[in-house]
Protein chains: 2
Amino acid sequence: MNEQELEKLAGLLKALGEYNRLSLVYNLCDCQAPKNAMCLCECCSIDASGVSRHLKVLAQEGVVLSERKGRETTYSLNRKEVAENLRALADKIDID
Amino acid sequence: MNEQELEKLAGLLKALGEYNRLSLVYNLCDCQAPKNAMCLCECCSIDASGVSRHLKVLAQEGVVLSERKGRETTYSLNRKEVAENLRALADKIDID
DNA sequence: TCAATTATTGCACATTTGCGCAAATGTGAC
DNA sequence: GTCACATTTGCGCAAATGTGCAATAATTGA
């Protein structure tokens, strides 16, 4: 694992390591179809602008995928990649 | 997953989500025996006090276990628990 | 065109964070 | 006790972060 990769992984974990962002991720876990921001807003104690910013961070770090659909933006989890990264780290830490 | 658990998980991820701390964790991954702080210092670009603080954060979040041995403190990874948490999250995000 | 809906951005603010340096603390060796 | 070594803590500082409010897009529908 080189420096860049480590930095990237740290970025992913940091993105996940904030309560409201992790709440958003958990919320997205359970839904099949992508959700828009208004909908995701409801699981958070913060206002829409905050949610927008958090989703932006999550998108930048590759946690979620966003797609503009008309006047709304829908978000979905980048499931495979995120899970893969987490499992790789788990394996590195503790090889069963 | 209730609020406290989510907060705890966020704390764990946040602890891991900082470059130098993640470097420390990676460093600990490869060693069988616990390492002391001076030794861990060498894998970081920061000074001893910074390493001490990072290790304290990691210990508080349950990432590492510390043990005072004479004048030095040795650290080891809390492998099972950390890996378990990461895998649980991975599974939640993407059930294979 | 105009109003409504959804999302984002600018700004300000308080808080947190990571860091180095120096001092303090704890501990073993002599 | 005195010294050396390992670690932690206090302090200050700059940078980053999370947040709300208001203003500004962007887009749809009447």
Side-chain angles (χ1 to χ4, degrees), chain A residues 3 6-28 31 33-77, chain B residues 3 6-28 31 33-77:
Chain A
E3 201 171 312
L6 203 63
E7 203 146 1
K8 193 163 183 304
L9 179 57
L12 170 65
L13 294 166
K14 186 176 186 177
L16 292 171
E18 199 276 336
Y19 181 77
N20 284 313
R21 282 199 294 267
L22 190 56
S23 300
L24 290 168
V25 168
Y26 257 76
N27 195 290
L28 281 169
C31 46
K35 267 187 179 173
N36 68 18
M38 288 310 287
C39 183
L40 289 165
C41 242
E42 289 163 20
C43 81
C44 267
S45 54
I46 57 176
D47 81 338
S49 73
V51 172
S52 176
R53 276 180 252 259
H54 280 314
L55 287 169
K56 191 176 179 182
V57 171
L58 290 172
Q60 279 171 341
E61 296 301 329
V63 178
V64 302
L65 304 168
S66 66
E67 194 180 352
R68 187 89 194 198
K69 281 182 181 169
R71 67 181 134 194
E72 59 186 22
T73 307
T74 59
Y75 296 90
S76 58
L77 276 180
Chain B
E3 201 171 310
L6 202 63
E7 202 145 3
K8 193 161 183 303
L9 179 56
L12 170 67
L13 294 166
K14 187 176 186 177
L16 292 172
E18 199 276 334
Y19 181 76
N20 283 314
R21 281 198 294 268
L22 191 56
S23 299
L24 289 169
V25 169
Y26 256 77
N27 194 291
L28 282 169
C31 46
K35 266 188 181 174
N36 66 20
M38 288 310 288
C39 183
L40 289 165
C41 241
E42 290 164 18
C43 81
C44 266
S45 52
I46 57 175
D47 82 338
S49 73
V51 171
S52 175
R53 275 181 251 259
H54 281 314
L55 288 169
K56 189 175 178 181
V57 171
L58 290 172
Q60 278 172 342
E61 297 301 330
V63 178
V64 301
L65 305 168
S66 66
E67 193 180 353
R68 189 88 193 202
K69 283 183 180 168
R71 68 180 132 196
E72 59 186 20
T73 307
T74 60
Y75 295 89
S76 58
L77 276 180

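In what follows, every chain begins at residue 1, and chains take the letters A, B, ... in the order their sequences are listed.
Rounded to an integer number of Å, the gap from A:Leu58 CG to D:dT17 C1' is 14 Å. In this structure, B:Leu55 places its CG atom 12 Å from P of D:dT9, rounding to the nearest Å. Note: OH (A:Tyr75) to P (C:dT6) measures 14 Å, nearest angstrom. Rounded to an integer number of Å, the gap from B:Asn20 CG to C:dT17 P is 16 Å. When rounded to the nearest whole Å, the span between NE2 of B:His54 and C1' of C:dT16 equals 14 Å. In this entry the distance linking CD1 of B:Ile46 with C1' of D:dA15 reads 16 Å, nearest Å. As rounded to whole Å, 16 Å separates atom P of C:dT6 from atom CG of A:Asp47. Remark: P of D:dA15 and OH of B:Tyr19 are 21 Å apart, rounded to the nearest angstrom.
Mapping B:Arg68 and A:Arg71 onto DNA chain D via the closest heavy atom, the residue that lands nearer the 5' end is B:Arg68. Map A:Lys14 and A:Ala48 each onto its nearest nucleotide of DNA chain D; the residue landing nearer the 5' end is A:Lys14.
Side-chain nitrogen and oxygen atoms of B:Asn36 include none within less than 4.0 Å of the OP1 or OP2 phosphate oxygen of D:dC5. Contact between the side-chain N/O atoms of A:Thr73 and the OP1/OP2 oxygens of C:dT6 is not found at any separation under 4.0 Å.
At least one donor-acceptor pair closer than 3.5 Å links the side chain of B:Ser23 to the backbone N or O of B:Tyr19.
At the heavy-atom level, B:Gly70 lies under 4.0 Å from the strands shown only through sugar-phosphate atoms. Looking at heavy-atom distances under 4.0 Å, B:Ser45 makes contact with sugar-phosphate atoms alone, never a base.
Nearest to the side chain of A:Met38, among D:dT19, C:dA7, D:dT7, sits C:dA7. Of the candidate nucleotides C:dG18, D:dA6, C:dG20, C:dG18 has the atom lying nearest to any side-chain atom of B:Glu18.
A:Leu24 places a side-chain heavy atom less than 4.5 Å from the side chain of A:Cys43. In this structure, B:Ser66 and B:Thr74 have side chains that are not in contact, with every pair of non-hydrogen atoms separated by 4.5 Å or more.
Looking at B:Arg53, its side chain comes within 3.5 Å of the base of C:dG20 through a donor and an acceptor atom. A donor-acceptor contact under 3.5 Å is not formed by the side chain of B:Ser49 with the base of C:dC19.
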Item to check | Derivation of the side chain to side chain donor-acceptor pair (under 3.5 Å) call for B:Asn36 and B:Lys69 | outcome: CA-CA 9 Å; B:Asn36 66 20; B:Lys69 283 183 180 168; over 6 Å; no
Next on the checklist: Before you tell me yes or no, could you show the steps for B:Glu67 and B:Tyr75 under side chain to side chain contact (heavy atoms under 4.5 Å, CB included), namely the whole-Å CA-CA distance, both residues' side-chain angles and the distance that decides it to 0.1 Å?
Outcome noted: CA-CA 7 Å; B:Glu67 193 180 353; B:Tyr75 295 89; over 6 Å; no
